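Data first, discussion second: the structure below is written as structure tokens.
Note that the coordinates shown come from a computational prediction; the quantities given were computed from them, not determined experimentally.
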Amino acid sequence: MIVDIFSCSVCQGLVFFDNDLCLHCGTTLGYDPATHALVAVWSMANGMLTRADGTPGEFRYCRNQMLANCNWLVPAEDPSALCASCRLTSVRPDDDDGSALAAFADAEGAKRRLIVQLTELGLPIISRADDPEFGLTFEFLSSRNRRVTTGHEEGTITLDLSESDDAHRAFVAQQLGEPYRTVLGHLRHEIGHYYWPVLVVQNGRLDEFRELFGDERVSYEDSISGHYDDDGSIKPSDVDWSSTHVSKYATMHPWEDWAETF
């Protein structure tokens, strides 16, 4: 699990994963994904940053520092203006959509935590830019003027930014019987679908998967019809899933059981 608590290397004060400033001594902070550390940085005459602990190299903040509250550092020699997390996003709201941009910042914050967790698990993170066929990309879309479905398809993870709204998310969570419904939870679930062929199929573990989760070859469409009513609400059931699955949604289909468990 991601370590959220750090200490400022200048004053040893308590700082947290998303901080870009130490509230105790005022030192500028940045997250260095190469060393998985929240570090104190000094500004240099050339406008670059250097680590206060003497680690060699020059850095700059991610271009999304203001737009997405991103505190990640980018090495000076890196040709991308975006950090390793932000560059995975291929679609975001327009600059003139203020409310959607606020939700976008929340989504990017959750994604940064996800990327660190995946790194800690040793899972490959390959961007769509590096692998157009199997690479990973995120689309953060506002459903204000169009229909947006949160989901995963062939390496593209789509998130409806309305999930960043606490009231909306609480309403849907109650309607669908999903007590753990967060932006980070959505991203973890959808990327579980992305890693299914990597961890199961490519490793020759389908038999083990089917023994534990069930046969994924059953009709997904029929599973959806059996799980939801026509109005989109979950069909009532007397079956107690709590001793066999991590959520009610996990009972719908083996793929969803895998993603929920992931």
Side-chain angles (χ1 to χ4, degrees), residues 1-93 95 98 101-130 135-138 140 157 159 161 164 182-184 187-188 191:
M1 180 177 291
I2 182 174
V3 177
D4 191 58
I5 299 174
F6 300 85
S7 61
C8 172
S9 60
V10 174
C11 72
Q12 307 308 312
L14 187 66
V15 291
F16 297 92
F17 178 69
D18 291 323
N19 288 161
D20 58 7
L21 189 72
C22 174
L23 299 181
H24 299 274
C25 68
T27 298
T28 302
L29 304 172
Y31 182 79
D32 182 4
T35 58
H36 310 296
L38 186 65
V39 298
V41 292
W42 307 129
S43 296
M44 304 177 65
N46 62 0
M48 290 292 177
L49 303 169
T50 185
R51 285 182 54 158
D53 60 9
T55 299
E58 296 182 4
F59 305 86
R60 60 181 179 273
Y61 273 122
C62 174
R63 187 178 65 192
N64 278 353
Q65 180 188 15
M66 300 302 295
L67 183 67
N69 300 324
C70 183
N71 66 341
W72 282 30
L73 300 175
V74 181
E77 65 273 13
D78 195 319
S80 176
L82 296 172
C83 71
S85 175
C86 287
R87 70 185 65 169
L88 292 172
T89 300
S90 55
V91 180
R92 68 167 180 84
D95 289 339
L101 286 176
F104 165 71
D106 290 341
E108 284 291 347
K111 177 157 68 71
R112 288 192 291 274
R113 292 177 178 272
L114 174 71
I115 296 305
V116 172
Q117 291 170 338
L118 296 174
T119 301
E120 291 177 340
L121 290 171
L123 292 172
I125 303 173
I126 303 172
S127 71
R128 180 64 55 85
D130 293 329
L136 179 65
T137 189
F138 293 79
F140 293 143
I157 292 177
L159 178 72
L161 289 175
S164 290
T182 66
V183 173
L184 179 55
L187 297 181
R188 285 171 173 164
I191 210 161

Note to self: Using only atom types and a distance under 3.5 Å, with no angle test, would you say the side chain of R60 pairs donor to acceptor with the backbone of M48?
What the structure shows: no

Note to self: Walk me through whether V183 and K111 qualify under side chain to side chain contact (heavy atoms under 4.5 Å, CB included).
What the structure shows: CA-CA 9 Å; V183 173; K111 177 157 68 71; over 6 Å; no

Checklist line | I115 side, atom CD1; L123 side, atom CG - distance, nearest 0.5 Å | finding: 10.5 Å

Next item on the list: Over all heavy atoms of both residues, which pair between H24 and G13 is shortest? Give the atoms and the distance, please.
Entry: CD2-CA, 3.8 Å

Notebook entry, point to check: Between the main-chain N or O of N19 and the side-chain N or O of N71, is there a donor-acceptor pair closer than 3.5 Å?
Noted result: yes

Item checked: Contacts of type side chain to side chain donor-acceptor pair (under 3.5 Å), residue D18, not counting sequence neighbours -> R113

Checklist line | Taking every non-hydrogen atom, the tightest pair across R112 and N69 | finding: NH2-O, 3.1 Å

Item checked: Atom of G26, atom of L21 and distance for their closest heavy-atom approach -> O-CD1, 3.1 Å

Margin query: Within this structure, what is the CG-CZ distance for the pair L159 and F140, rounded to the nearest 0.5 Å?
Written below: 6.0 Å

Checklist line | Contacts of type salt bridge (charged side-chain N to carboxylate O under 4.0 Å, His left out), residue R87, not counting sequence neighbours | finding: D78

Next item on the list: Return the minimal non-hydrogen interatomic distance between L161 and P93, and the atom names on each side.
Entry: CD1-CG, 3.4 Å

Item checked: Stepwise side chain to side chain contact (heavy atoms under 4.5 Å, CB included) test for V74 and F59 -> CA-CA 5 Å; V74 181; F59 305 86; over 6 Å; no

Check: Can you tell me if T137 uses its side chain to pair, donor with acceptor, with the backbone of L88 under 3.5 Å?
Finding: yes

Checklist line | Spatial distance of atom SG (C70) from atom CZ (R63) [nearest 0.5 Å] | finding: 11.5 Å

Note to self: Under the criterion side chain to side chain contact (heavy atoms under 4.5 Å, CB included), I'd like the reasoning laid out for W72 against S85: C-alpha separation, chi angles, the key distance, then a yes or no.
What the structure shows: CA-CA 8 Å; W72 282 30; S85 175; 3.7 Å; yes

Note to self: Could you measure the distance from the CG atom of L73 to the OG1 atom of T50? Nearest 0.5 Å is fine.
What the structure shows: 10.5 Å

Checklist line | Verdict with reasoning, L49 to S43, per side chain to side chain contact (heavy atoms under 4.5 Å, CB included) | finding: CA-CA 5 Å; L49 303 169; S43 296; 3.8 Å; yes

Note to self: Testing the basics here: between A40 and L29, what is the closest heavy-atom pair and its distance to 0.1 Å?
What the structure shows: CA-CD2, 3.9 Å

Check: Looking only at heavy atoms, which two atoms of A37 and F6 are closest? And how far apart?
Finding: CA-CE2, 4.3 Å

Notebook entry, point to check: Heavy atoms, side chains only, cut-off 4.5 Å: are P33 and C83 in contact?
Noted result: no

Check: Side chains of T35 and R51: do they bring a donor and an acceptor to under 3.5 Å?
Finding: yes

Notebook entry, point to check: What is the distance from atom CG of L187 to atom CD of E108, rounded to the nearest 0.5 Å?
Noted result: 9.5 Å

Note to self: What's the separation between atom CZ in R188 and atom CD1 in I157, rounded to the nearest 0.5 Å?
What the structure shows: 13.0 Å

Check: Can you say whether the rings of Y31 and F17 are parallel (under 30°), tilted (30 to 60°) or perpendicular (over 60°)?
Finding: perpendicular

